[in-house]
Amino acid sequence: MATARKQRKKSKLFYDYNLVAVILLLMCFGLIMLYSTSAYVASIQFNDDMYYFRKQAMISIASLFWAFLISRIDYHIYTKFPTVIYLAAAFFMFLVRTPLGVTVNGAKRWLKIGPLQFQPSELAKLAIILCLPYLIVKMGKKIATRKGFITIFVIGMMLGAMTFFFTDNLSTAIIVCGITAGMIFIAHPRTKEFLIALAAVAGVGAVSLAILIANLQNSDNFRLQRILVWLHPEDYMKSEGYQIMQALYAIGSGGIFGKGLGNSVQKLGWVPEAQNDMIFSIICEELGIFGCCITMMLFGYLLYRLFFIAQNAADLYGTLVVSGIFIHIALQVILNICVVINLIPTTGITLPFISYGGTSVLFLMTEMGIALSVARGIKFQAPESTLSGF
């Protein structure tokens, strides 16, 4: 009994208040920038300059309480029904193809059930983050075999394919496939073979892209046309290239310290849907390179805290789950910024915690709650000197 009490004293439960702090900072910063970006458009469209801000603030507050609740639940509970989570994600995405699906801005990606309206593709990200780690842990050393590798690969990529075919959401499908590839890279013991396979896939993709670019002029596919817009946006100023060119004007006019918070010109109807995918361009215009760097530093610190939790998690399942969350956040931030500065073709990827979108915030905070739950399982050994007074 004495030994057990001593061990309990030495063992100190961990709660990552640093992660909580950076999440709160990002959410508060996001709400400030959302109001600054959307006030003009909201006042024109809804005669209420706080329309977008109010909705986002309400879902953000609710999501904070939701994340706290999730953080108090033992994350091992998700290992009891991984198949249910996976199939539920597939089922809800399938429902988008039924009359329950709702078209918003020309894309049928939303699901309306009673008073609830959400994007089920966000559930696919959460499902792959929770289900693949369970399968990897269950397979154990078999992950190193060809059969194990193919099994993990197919299950992950299949959910990505369903995301694309059921919701027509290529950007989310890319993220789901990216999370799958990242988890396989972490779990597979033979890194060299994985890198060779990745290089082969990249090579095939590069050749395919070159062939597509060579035949773009004869294609009516809007996704292929986006590649032309990406390569020469100035030639499409009056059509598909308008949004990205206006976003680039916003970034270029910001300078080092920007025009000042609330002083953006491009948000006055020039950048379409500025409160969504292109909000980073308004950050650059109003806060300049300085504000851009601060934003990226906040995301960098968030990723650092997730890396810390993954590195010190109590078991492999916790490590892989938080690694999946890390990959998701990193991919989404990188892809959004690359789209805004025209490094890659336009996709509908939002900037986490900052862009407008209730579904995105809710599922992001669910992931943060799970990460905090994993963090609560971390135990540190307190130094002997701190125990001398007990």
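Gln45 and Tyr52 are linked by a side-chain donor-acceptor pair at a separation below 3.5 angstrom, with hydrogens and angles left out of the test. With hydrogens and angles left out, the side-chain atoms of Asp49 and Tyr35 include a donor and acceptor closer than 3.5 Å. Of the N and O atoms on the side chains of Asp315 and Tyr75, at least one donor lies less than 3.5 Å from an acceptor on the other residue. Glu122 and Thr172 share no donor-acceptor pair across their side chains, judged by distance under 3.5 Å alone. Between the side chains of Gln266 and Glu285, no donor N or O sits under 3.5 Å from an acceptor N or O. Thr350 and Gln332 share a donor-acceptor pair across their side chains, judged by distance under 3.5 Å alone.
Counting only heavy atoms from C-beta outward, the side chains of Leu159 and Ile155 never approach each other to under 4.5 Å. You'll find the side chain of Phe53 stays beyond 4.5 Å of the side chain of Met58, heavy atoms only. Taking 4.5 Å as the limit, every side-chain heavy atom of His328 sits out of range of all side-chain heavy atoms of Ile128. Using a 4.5 Å heavy-atom threshold, the side chains of Met183 and Ile136 count as touching.
When each of Val361, Leu69, Ile129, Leu126 is tested with Thr366 by the rule side chain to side chain contact (heavy atoms under 4.5 Å, CB included), just one qualifies, namely Leu126.
Phe280 and Ile175 fall within a single hydrophobic cluster, where Ile, Leu, Val, Met, Phe, Trp and Tyr are joined by side-chain heavy atoms under 4.5 Å apart, directly or via other members. The hydrophobic cluster containing Ile309 also contains Val20, counting ILVMFWY residues as joined when their side-chain heavy atoms lie under 4.5 angstrom apart, directly or transitively. Following chains of ILVMFWY side-chain contacts shorter than 4.5 Å, one cannot reach Leu64 starting from Tyr356, and the two form parts of different hydrophobic clusters. Linking ILVMFWY residues whenever their side-chain heavy atoms come closer than 4.5 Å, directly or via other members, leaves Val271 and Val265 in distinct clusters.
The aromatic rings of Phe46 and Tyr51 sit parallel, their planes meeting at an angle under 30°, below the 60° perpendicular limit. In this pair, Phe81 and Tyr78 present their aromatic rings perpendicular. The plane angle is above 60°, beyond the 30 to 60° band.
Annotation for Lys112: atom NZ counts as buried by contact number, over 12 foreign heavy atoms lying within 6.0 Å.
Using a cut-off of 4.0 Å between Lys/Arg side-chain N and Asp/Glu carboxylate O, Lys125 and Glu367 are scored as not salt-bridged. Salt bridge annotation for Arg54-Asp48: present, with a cationic side-chain nitrogen under 4.0 angstrom from a carboxylate oxygen.
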*Verify side chain to side chain donor-acceptor pair (under 3.5 Å) between Ser264 and Lys259, making sure each step is shown before the conclusion.*
CA-CA 7 Å; Ser264 166; Lys259 297 178 178 179; over 6 Å; no
*Let me see the working for Gln119 and Leu111 under side-chain contact (heavy atoms from CB on, under 4.5 Å), right down to the final yes or no.*
CA-CA 6 Å; Gln119 282 187 296; Leu111 189 63; over 6 Å; no
_Apply side chain to side chain donor-acceptor pair (under 3.5 Å) to residues Glu286 and Ser36 and explain how you reach the verdict._
CA-CA 9 Å; Glu286 295 190 347; Ser36 175; 2.8 Å; yes
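Between the Ser373 side chain and the Arg72 main chain, no donor and acceptor come within less than 3.5 Å of each other. Side-chain atoms of Ser360 do not come within 3.5 Å of backbone N or O of Gly357 as any donor-acceptor pair.
Note that OH of Tyr134 and OH of Tyr86 are 15.0 Å apart. Values are rounded to the nearest 0.5 Å.
Listed by chain and residue number, nothing satisfies the ring pair (Phe, Tyr, Trp, His ring centres under 6.0 Å) test with Phe68 (two or more places apart in sequence, or in another chain).
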